[in-house]
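Report on the following structure.
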There are 2 protein chains.
Amino acid sequence: MAQHARNPDQTRESLLLAAFEEIYHQGFRQASLDNILRRTGVTKGALYHHFPNKMALGYAVVDEIIVPHGETRWRRLGDESLNPIDTLIEIGEEEPFPFARDVKLGCPINNLAQEMAGIDAGFQERLNRFLDRWRNAIEFALQRGQRAGQVRHDIDPREVAAFMVGAFEGAYGLAKCAGSEEVLETCLNGLKSYANSLRAMEATP
Amino acid sequence: MAQHARNPDQTRESLLLAAFEEIYHQGFRQASLDNILRRTGVTKGALYHHFPNKMALGYAVVDEIIVPHGETRWRRLGDESLNPIDTLIEIGEEEPFPFARDVKLGCPINNLAQEMAGIDAGFQERLNRFLDRWRNAIEFALQRGQRAGQVRHDIDPREVAAFMVGAFEGAYGLAKCAGSEEVLETCLNGLKSYANSLRAMEATP
DNA sequence: CCGTTAACATACCGACCAGTATGTATGTTC
DNA sequence: GAACATACATACTGGTCGGTATGTTAACGG
């Protein structure tokens, strides 16, 4: 039989992308390897040459696709030249993922976290680590803002950070269930108002 | 063979409860009918006597167990003798479900909503209807609070309601992924602070 | 040119799963 | 007490799934 083009990196990459799609639409446990193979034209032998099992493929999707892309969103929070509240609001207004074309699919990270937490420790640890780093990034940015006089001093940065991440993921979750861009807009507007309420009062000179 | 006790109502009820447990732990699609039958001692013939298929069993769990119990939480928001912000804070401090003994299992409604939205219209419609009613209950309570001078007039009740429901479910989602009561506490404290910030300023006489 | 290995391809397996076919015991009605 | 419906029980089916066993082909080092 005609062998396909032999390019291991490319094969691996297309498997990761197809697996991401399948997992994003179906969840990890409902994701079918046969579907992924059908999507790519890769055969089962090739798949199991690159990954020892389904779990490892799932972990690779998280480690190499979902998490790196998610992190680019809040990386900017570390920029000390910016007002952290402005940055938070900008982040909220951006398109979340290039993946997430459709609000009906929700947030890939939240989807997986809700599905796999309590089921598989490997997934849970990866996703929780991501969410924890996200919370920390916000927390540190708010602390910096407090020192710079941009953020109110009567708020607890750790508490606000956890609340904001929760509210953000919750907004995408609600919108997914509602299947509605409008619900997402409404929730995110609420989040934006909240973020603005964290600003330190301008000292009117 | 020795027939079991013939009590159709009881059989149906125990199926619903076992199905709820299985779905709560595994999600609907991963829930195994054989597991449910094993949990109850009910046989497959009995199950399919009471429900035409797995989907109908799942819908019944939502309609007869999950939604009714969820609604008891915010039913109180309609009480006009109470300050709606006090009520919201109290609701946030209550134990969420008698089901939800364990923060690691998350919120049954959110779990199902995230799993089944976009997969099955019957589930999605039921869960979205619930969440929509919840948002409306908060919205109306806030409007009433505004008229009564208990809630600030510079907020949009609809926006705040969506934001709060999202933040609430998001808090349970984060805590589930973190597997941590502490994360839940932190998020809910943030939500509580937010709720307090909605109070109308006391007119100092 | 030969041996070895990486990179696949094909065929198959046992487990599980939703659903069904068929049988049977029990209570109710006339 | 016969007819009938309800409330089950048992055994089985077709399909899907993750995973494996066993090839085969191409590239490459010596």
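Just so it is clear: chains get the letters A, B, ... in the order the sequence lines come, proteins before strands, and each one is counted from 1.
Computed from coordinates, the A:His49 NE2 to D:dT24 P distance equals 18 Å when rounded to whole Å. Look at CG on B:Leu15: it is 14 Å from C1' on D:dA9, rounded to the nearest Å. Across the protein-nucleic acid pair, B:Asn7 atom CG and C:dT26 atom C1' stand 13 Å apart, rounded to whole Å. Rounded to whole angstrom, the span from the CD1 atom of B:Ile36 across to the P atom of C:dA18 amounts to 8 Å. Atoms CG (A:Asn35) and C1' (D:dG18) sit 13 Å apart, rounded to a whole Å. To the nearest angstrom, P of C:dT26 lies 17 Å from CD of B:Gln10. Between the CG atom of A:Leu47 and the P atom of D:dG19 there is a distance of 10 Å, rounded to whole Å. Regarding B:Ile23, its CD1 atom lies at a distance of 11 Å from the P atom of C:dA18, rounded to whole Å.
Comparing D:dG19, D:dA9, C:dA18 by their nearest atom to the side chain of A:Lys54 picks out D:dG19. With D:dC8, D:dG19, C:dA7 as the candidates, the nucleotide lying closest to the side chain of A:Asn53 is D:dG19. The side chain of A:Tyr48 has D:dG19 as its nearest neighbour among C:dC8, D:dC8, D:dG19. Distances from the side chain of A:Asp34 to the nucleotides D:dC17, D:dC8, C:dA7 place D:dC17 closest. Listed nucleotides: C:dG19, D:dG18, D:dA9. Nearest to the side chain of A:Leu33: D:dG18.
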Check: Step by step, would you call B:Asp120 with B:Tyr59 a side-chain hydrogen bond (donor to acceptor under 3.5 Å, both in side chains)?
Finding: CA-CA 11 Å; B:Asp120 177 78; B:Tyr59 291 169; 2.6 Å; yes
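With the nearest nucleotide of DNA chain D identified for both A:Gln30 and B:Ala46, B:Ala46 has the one nearer the 5' end. The residue among A:Ser32 and A:Pro52 whose nearest nucleotide of DNA chain D is located toward the 5' end is A:Ser32.
Annotation: A:Glu182, atom CD; neighbour count of heavy atoms from other residues, nucleotides and ligands within 6.0 Å does not exceed 12. Taking a 6.0 Å sphere around CZ of B:Arg158, one finds it holds 12 or fewer heavy atoms contributed by other residues, nucleotides or ligands.
Between A:His50 and C:dC8 there is a side-chain N or O to OP1 or OP2 distance below 4.0 Å. Considering only side-chain N and O atoms, A:Thr11 lies under 4.0 angstrom from the phosphate OP1 or OP2 of C:dC8. An OP1 or OP2 oxygen of D:dT10 is reached within less than 4.0 angstrom by no side-chain nitrogen or oxygen of B:Thr43.
Ion pairing of B:Asp154 with B:Arg152 is present here, as a side-chain N (NZ or NE/NH1/NH2) and a carboxylate O approach within less than 4.0 Å.
Both tests do not hold together for A:Lys192 against B:Phe163: distance to the six-membered ring centre under 6.0 Å, angle to the ring axis within 45°.
Evaluation of atom-type donor-acceptor distances gives a pair under 3.5 Å for the side chain of A:Lys44 against the base of D:dG19.
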